[in-house]
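Heads up, the thing below is written out as structure tokens.
Here is how names work: the chains are called A, B, and so on, in the same order as the sequence lines, proteins then strands, and each is numbered from 1.
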Amino acid sequence: GQSLEQPSEVTAVEGAIVQINCTYQTSGFYGLSWYQQHDGGAPTFLSYNGLDGLEETGRFSSFLSRSDSYGYLLLQELQMKDSASYFCAVNTNAGKSTFGDGTTLTVKP
Amino acid sequence: DAMVIQNPRYQVTQFGKPVTLSCSQTLNHNVMYWYQQKSSQAPKLLFHYYDKDFNNEADTPDNFQSRRPNTSFCFLDIRSPGLGDAAMYLCATSRVKADPNQPQHFGDGTRLSIL
């Protein structure tokens, strides 16, 4: 089976940088995805790592270390609208994703 | 815009009364997924279709069934809803199975309440 761990809550101020970590245990690991979900809304895809290293997409970056079964999402220049839940999800070679329990990010002025 | 559309956004049903949630997509994606998400929890995969090939998760209750009559539409049927089935139900699509470079595209969800 799959299991993922990520912090339940993170708080930061506008303009700051925050890192949300994700560790996982899985079989058939293919890659790690990150999704953002605002209250009452749908998850939206942010980033994907299939290989070790850093992927950058604007203010968001994601990192993967397959040997450590570890990844993180880095959010820079935080804005109030970034307050949301962030889910890491393990993609397996069975074509399915298993989601972590999510990290609630609160951005304060 | 190409989208994943779920109807209705809010559904109320009575304990034990069958209910059907619907999902349609204009992305022409091969794969459609149904997730259940309870408050402050992860989306939990119930089943998915790769084209017409149905894949049930081992721990999905028998009470939950799905139909995919064509590429564009997928339905979630809950035969006898219990109070524990109150949740947000999310439909998602992806272009190709087993290509994790393809992100999943989610609908806005249907929030199901049980009276």
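Counting heavy-atom neighbours within 6.0 Å of Glu5(A) CD, excluding the residue itself, gives a total of 12 or less. For Leu51(A), the CG atom counts as loosely surrounded, since its 6.0 Å shell holds 12 or fewer non-hydrogen atoms of other residues, nucleotides or ligands. Heavy atoms of other residues, nucleotides or ligands lying less than 6.0 angstrom from CG of Asp39(A) number 12 at most. Atom CG of Asp62(B) has 12 or fewer neighbouring heavy atoms from other residues, nucleotides or ligands inside a 6.0 Å radius. For Gln79(A), the CD atom is densely surrounded, since the number of other residues' heavy atoms within 6.0 Å is greater than 12.
Ser94(B) contributes atom OG, which lies 13.0 Å from atom NZ of Lys96(A) (distance to the nearest 0.5 angstrom). Here the straight-line distance linking atom OG of Ser85(A) with atom CD of Gln41(B) works out to 12.0 Å at 0.5 Å rounding.
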Q: Begin with the C-alpha distance, continue with both residues' side-chain angles, and end with the deciding distance and a verdict on ring-ring contact (aromatic ring centres under 6.0 Å, His included) for Phe106(B) and Tyr35(A).
A: CA-CA 10 Å; Phe106(B) 284 83; Tyr35(A) 289 81; 5.7 Å; yes

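The hydrophobic cluster containing Leu83(B) also contains Ile78(B), counting ILVMFWY residues as joined when their side-chain heavy atoms lie under 4.5 angstrom apart, directly or transitively.
Of the two parts of Glu57(B), only the side chain, counted from C-beta on, holds a non-hydrogen atom closer than 4.5 Å to a non-hydrogen atom of chain A. Residue Gln104(B) touches chain A through both its backbone and its side chain, counting heavy-atom pairs closer than 4.5 Å. Contacts of Ser97(A) with chain B are made by both backbone and side-chain atoms, with heavy-atom separations under 4.5 Å.
Taking the side chain as every heavy atom from C-beta outward, Pro43(B) and Phe87(A) approach each other to under 4.5 Å.
Nearest heavy atoms, Gly107(B) versus Ala42(A): O-CB, 2.8 Å.
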